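I have placed the structure first, in the form of structure tokens, so that the comments after it can refer back to it.
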Amino acid sequence: MSGRRGNGRAQGIRSRQRAAAPGADARAASGAGPAAPGPAGMGGRLRLGVIDVAKACAAGLIAGAAVGVLGFLGGMLLGTADLPSGIEGAKNALFVIAALLLFVLAGMLLIKGKKAETFEADENGWRRHFAVIGVKAALGGAAVGVAALAIALDYVQFLLR
């Protein structure tokens, strides 16, 4: 084994739990009653994880909408200047962006374990936006949001035919 004591994120969450409830461990050890579950407990951690995934998907939807507008304008300018060509351009741009995001995510998953991670979660305020999930899960959520928008545009294009 590498001799590491554990996951840095888990240690950070544990230290935040101790800071949030300084006497909770002493109360539980003395038998004075169960320690009150904090926001980072199992249920709270799951809730925070779901919120983080929803934030990542929303970020993907917002970024996808911006790329979709640019793709729509490009499709209108380069196409036949009608609604179906604009929708086709936006859909194609969104599918390309979703594919690139998934390609980067696959590369991140393949490299795991080959070299140490250089990304520090507490730098740049990452934990301010995502309490539980890491970079890979956030990137995957953003890819899901962009792909969902592309699929919706594909369905709209299908209905227009």
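This structure is a prediction, so every number in the text was calculated from the model and none was measured. These values consider heavy atoms only, across backbone and side chains, with no hydrogens, waters or symmetry-generated copies.
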Residues clustered with I151, ILVMFWY side-chain links under 4.5 angstrom: F95

Inter- and intrachain pairs under side-chain hydrogen bond (donor to acceptor under 3.5 Å, both in side chains), touching residues 72-83, at least two apart: T80-D82, D82-S85

Distance-minimising heavy-atom pair for L149 and G64: CD2-C, 3.4 Å

Cluster check L102, L109: I/L/V/M/F/W/Y, side chain < 4.5 angstrom: yes

All side chain to side chain contact (heavy atoms under 4.5 Å, CB included) counterparts of Y155, not counting sequence neighbours: F158, L159

Exercise: identify the closest heavy-atom pair between K136 and L105: O-CD1, 3.3 Å

Pairs satisfying side-chain hydrogen bond (donor to acceptor under 3.5 Å, both in side chains), at least one member in residues 92-107, at least two apart: E88-N92

Path from L100 to L139 over hydrophobic side-chain contacts below 4.5 Å: no

Pairs flagged by side-chain hydrogen bond (donor to acceptor under 3.5 Å, both in side chains) wherever residues 53-74 is involved - sequence neighbours left out: none

Pairwise distance CD1(I87) to CG(L160) - rounded to 0.5 angstrom: 5.0 Å

hydrophobic_cluster_shared for V96 and V146, side chain cutoff 4.5 Å: no

Residues forming a side chain to side chain contact (heavy atoms under 4.5 Å, CB included) with L77, sequence neighbours excluded: none

Qualifying salt bridge (charged side-chain N to carboxylate O under 4.0 Å, His left out) pairs with a residue from residues 148-161, counting only residues at least two apart or across chains: K91-D154

Pairing residues for A142 by the side chain to side chain contact (heavy atoms under 4.5 Å, CB included) criterion, not counting sequence neighbours: none

For the student: nearest non-hydrogen atoms of F72 and A90, plus distance: N-CB, 3.7 Å

Exercise: identify the closest heavy-atom pair between A98 and A143: CB-O, 4.4 Å

Atom of I133, atom of G49 and distance for their closest heavy-atom approach: CG2-O, 4.3 Å

Under 4.5 Å side-chain linkage, directly or through intermediates, the cluster mates of F103: none

V67 versus A93, closest heavy-atom pair with distance: CG1-CB, 4.2 Å

ILVMFWY network linking I97 to L78, side-chain heavy atoms under 4.5 angstrom: no

Side-chain cluster (under 4.5 Å, hydrophobic types only) that L70 belongs to, other residues: none

Set of residues satisfying side chain to side chain contact (heavy atoms under 4.5 Å, CB included) with respect to V144, sequence neighbours excluded: C57

